[in-house]
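One structure below.
Values reported hereafter were calculated over all heavy atoms of this structure, with side chains retained and with hydrogens, waters and symmetry mates removed.
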Amino acid sequence: MDTRKLKYFLAVVDHGGFNRAAEHLLIAQPSLSQTIAGLERELGVPLFHRIGRRAVLSEAGKELVGPARLVMRDLDAAQSAVQALRGIRSGRLDIITMPSPGIEPLTSMIASFTRAHPSVRLNVSAAFTPEEVIESVRNGSSEIGLAGSATPVRVPGVQVLELERQPLILIVNPHADTFAAGTAIRREDLAGHRLIASQRGSLMRWLVDDALARGVAAEIVVEVAHRTSILPLVLAGVGHAVMPFSWAPTARKSGLRTLLIEPVAHLEVAVLSRKEDLTPAAKAFLDVAGEHTEGAR
């Protein structure tokens, strides 16, 4: 088995079929099919079920995805290590992040990283739960992950660096700002207000649901999966939004008022990585993360 076959196999997985994978790889589709067939013969099992024009992973194929990604990642690490000795500062770093940490602290860390390593290309993908971040780091799809949760992240076999604690704030609808002057409100002060809420499972939604369960007569008017929609909805006067503090600078630049919600709940933000065999780019990013942690203390 050679790495080219694993690369082709992962291309079919990532692009959802042979045609798109062949286009991405810039090879003919029959050549790709022959390569995958050769890999299946070597392993003695089918990796895909061909259903019409679709290619669906078999059970054996599903088992191969994780190890194949780790092999390709380790190969990248070896190549990058050799290039680093030659003074070459290029390569690619795959990062996965949840939405709020993806605003901050990721923006500040990427700014610092790219100033020091301008030739490294960063690829940032999205996750909506800590479990998605953990799985992506574990299976090698990403080298670096940023997760936020109600409690500190603890993952066996994964290196976790706690970055910061972000308090939850209320981004105030300017068309319904009846709150008293000051910088903070109580949860009971949400009574009578219309709220834009994240989907269930997030800390922000937990705070809203907890307030409702305690008898606070607020109303969820919109439930939003894509958090990029939240600030425009607040600006449009749809409702207030409960968000982590990472959103405060952008909200204020948009002319929106923000208020700390007491008693304070925190989003615990951490950066995750494998414990070994990281590329030089990933190690350098962890150095930047460590500097951010020191600066946040």
**Request:** Any chance you could pull the hydrophobic cluster mates of V155, using side-chain heavy atoms under 4.5 angstrom and chaining through other members?
**Result:** I96, M98, V133, I134, V137, V153, V158, V160, L272
**Item:** Partner set under salt bridge (Lys or Arg N to Asp or Glu O under 4.0 Å) for R4, not counting sequence neighbours
**Value:** none
**Message:** Using the salt bridge (Lys or Arg N to Asp or Glu O under 4.0 Å) criterion, which residues pair with E132? Sequence neighbours excluded.
**Reply:** none
**Asked** Any side-chain heavy atom of L259 sitting closer than 4.5 Å to one from I261?
**Response** no
**Request:** Could you check if a side-chain atom of I144 sits within less than 4.5 angstrom of a side-chain atom of S273, using non-hydrogen atoms only?
**Result:** yes
**Asked** For S149, what residues pass the side-chain hydrogen bond (donor to acceptor under 3.5 Å, both in side chains) criterion, not counting sequence neighbours?
**Response** none
**Shared hydrophobic cluster for L25 and V71 (ILVMFWY, side-chain gaps under 4.5 Å)** = yes
**Message:** Would you say that F245 contacts L168 through its side chain, given a criterion of any heavy-atom pair below 4.5 Å between the two side chains?
**Reply:** no
**side-chain hydrogen bond (donor to acceptor under 3.5 Å, both in side chains) involving R115 - partner list, sequence neighbours excluded** = S112
**Item:** Gap separating the NE2 atom of H15 from the CZ atom of R20, nearest 0.5 angstrom
**Value:** 10.0 Å
**Asked** Would you say L207 and V222 are hydrophobically clustered, going by side-chain heavy atoms of ILVMFWY under 4.5 Å?
**Response** no
**Request:** Measure across A127 and P99 and return the closest heavy-atom pair with its distance rounded to 0.1 Å.
**Result:** O-CD, 3.3 Å
**Asked** Hey, what do you get for CG (L235) to CG (N173), rounding to the nearest 0.5 Å?
**Response** 9.0 Å
**Prompt:** Distance from D210 atom CG to L203 atom CG, nearest 0.5 Å?
**Reply:** 10.5 Å
**Complete:** CD1 (I95) and OG (S125) are apart, to the nearest 0.5 Å, by 9.0 Å
**All pairs passing salt bridge (charged side-chain N to carboxylate O under 4.0 Å, His left out) where residues 240-263 contributes a residue, at least two apart** = D177-R257
**Item:** Worked verdict on L190 versus L170 for side chain to side chain contact (heavy atoms under 4.5 Å, CB included)
**Value:** CA-CA 9 Å; L190 295 174; L170 187 74; 3.9 Å; yes
**Asked** Just how far is it from atom OG1 of T279 to atom NZ of K283, taken to the nearest 0.5 Å?
**Response** 8.5 Å
**Item:** V238 vs V221 side-chain heavy atoms within contact, under 4.5 Å
**Value:** yes
**Message:** Using the salt bridge (Lys or Arg N to Asp or Glu O under 4.0 Å) criterion, which residues pair with E63? Sequence neighbours excluded.
**Reply:** none
**Message:** By the side-chain hydrogen bond (donor to acceptor under 3.5 Å, both in side chains) test, which pairs, at least two apart or in different chains, include something from residues 237-250?
**Reply:** S100-W247, Q166-S246, H193-H240
**Message:** When you measure from the side chain of S202 to the backbone of Q199, do you find a donor-acceptor pair of N or O atoms at a distance under 3.5 Å?
**Reply:** yes
**Full working for salt bridge (Lys or Arg N to Asp or Glu O under 4.0 Å) between E268 and R154** = CA-CA 11 Å; E268 305 282 348; R154 297 286 184 269; over 6 Å; no
**Request:** Using a 4.5 Å cut-off on heavy atoms from C-beta on, say whether the side chain of V56 contacts that of F48.
**Result:** no
**Asked** Which heavy atom of V120 sits nearest a heavy atom of A281, and at what distance?
**Response** CG1-CB, 4.0 Å
**Item:** Heavy-atom pair with the smallest gap, counting every atom of S198 and M243
**Value:** OG-SD, 4.5 Å
**Message:** Taking side-chain hydrogen bond (donor to acceptor under 3.5 Å, both in side chains) as the definition, give me every residue that meets it alongside D14, ordered by chain and number, with sequence neighbours left out.
**Reply:** R69
**Closest non-hydrogen atom pair, A218 against L212** = O-CD2, 3.3 Å
**Request:** For the pair I220 and R194, evaluate side chain to side chain contact (heavy atoms under 4.5 Å, CB included) and give the outcome as yes or no after the intermediate values.
**Result:** CA-CA 6 Å; I220 296 176; R194 292 158 63 86; over 6 Å; no
**Prompt:** To the nearest 0.5 Å, how far apart are CD1 in I103 and CG in L231?
**Reply:** 7.0 Å
**Request:** Determine yes or no for a side-chain-to-main-chain donor-acceptor pair under 3.5 angstrom, with D189 supplying the side chain and I185 the backbone.
**Result:** no
**side-chain hydrogen bond (donor to acceptor under 3.5 Å, both in side chains) involving S142 - partner list, sequence neighbours excluded** = S136
**Item:** Option among R214, R187, R200 that satisfies the salt bridge (Lys or Arg N to Asp or Glu O under 4.0 Å) test with D209
**Value:** R200
**Item:** Candidates L47, V65, L64 - the one meeting side chain to side chain contact (heavy atoms under 4.5 Å, CB included) with V13
**Value:** V65
**Message:** Between L256 and V234, is the side chain to side chain contact (heavy atoms under 4.5 Å, CB included) condition met? List the steps.
**Reply:** CA-CA 8 Å; L256 296 172; V234 176; 3.9 Å; yes
**Request:** Determine which pairs satisfy side-chain hydrogen bond (donor to acceptor under 3.5 Å, both in side chains) with at least one residue from residues 215-228, sequence neighbours left out, and list them in order.
**Result:** R205-E223
**Asked** So do the side chains of Y8 and I27 get within less than 4.5 Å of each other, counting heavy atoms only?
**Response** yes
**Request:** Please confirm whether the backbone N or O of A111 pairs with a side-chain atom of T114, one donor and one acceptor, at under 3.5 Å?
**Result:** yes
**Asked** Would you call Q159 and L286 a side-chain contact if the rule is heavy atoms closer than 4.5 Å?
**Response** yes
**Asked** Charged N to carboxylate O below 4.0 Å: is that the case for R92 and D94?
**Response** yes
**Item:** Common cluster, L267/L195, ILVMFWY with side-chain heavy-atom separation under 4.5 Å
**Value:** yes
**Asked** Is there a chain of hydrophobic side chains (I, L, V, M, F, W, Y, each step under 4.5 Å between heavy atoms) that links I169 to F179?
**Response** no
**Message:** Give me the atom names and distance for the closest heavy-atom approach of A265 to W206.
**Reply:** CB-CZ3, 4.3 Å
**Request:** Report the residues that fulfil salt bridge (Lys or Arg N to Asp or Glu O under 4.0 Å) with K62, sequence neighbours left out, ordered by chain and then residue number.
**Result:** E59
**Request:** Using a 4.5 Å cut-off on heavy atoms from C-beta on, say whether the side chain of H292 contacts that of E164.
**Result:** yes
**Prompt:** Does the pair E40/R50 count as a salt bridge with the N-to-O cut at 4.0 Å?
**Reply:** yes
**Pair N123-L93, side chain to side chain contact (heavy atoms under 4.5 Å, CB included): steps then yes or no** = CA-CA 6 Å; N123 176 57; L93 176 60; over 6 Å; no
**Request:** Consider only side-chain heavy atoms of I, L, V, M, F, W and Y, link residues closer than 4.5 Å, and tell whether L70 and M72 are in one cluster.
**Result:** no
**Item:** Nearest non-hydrogen partners of L6 and A68, listed with the distance
**Value:** CD2-CB, 4.1 Å
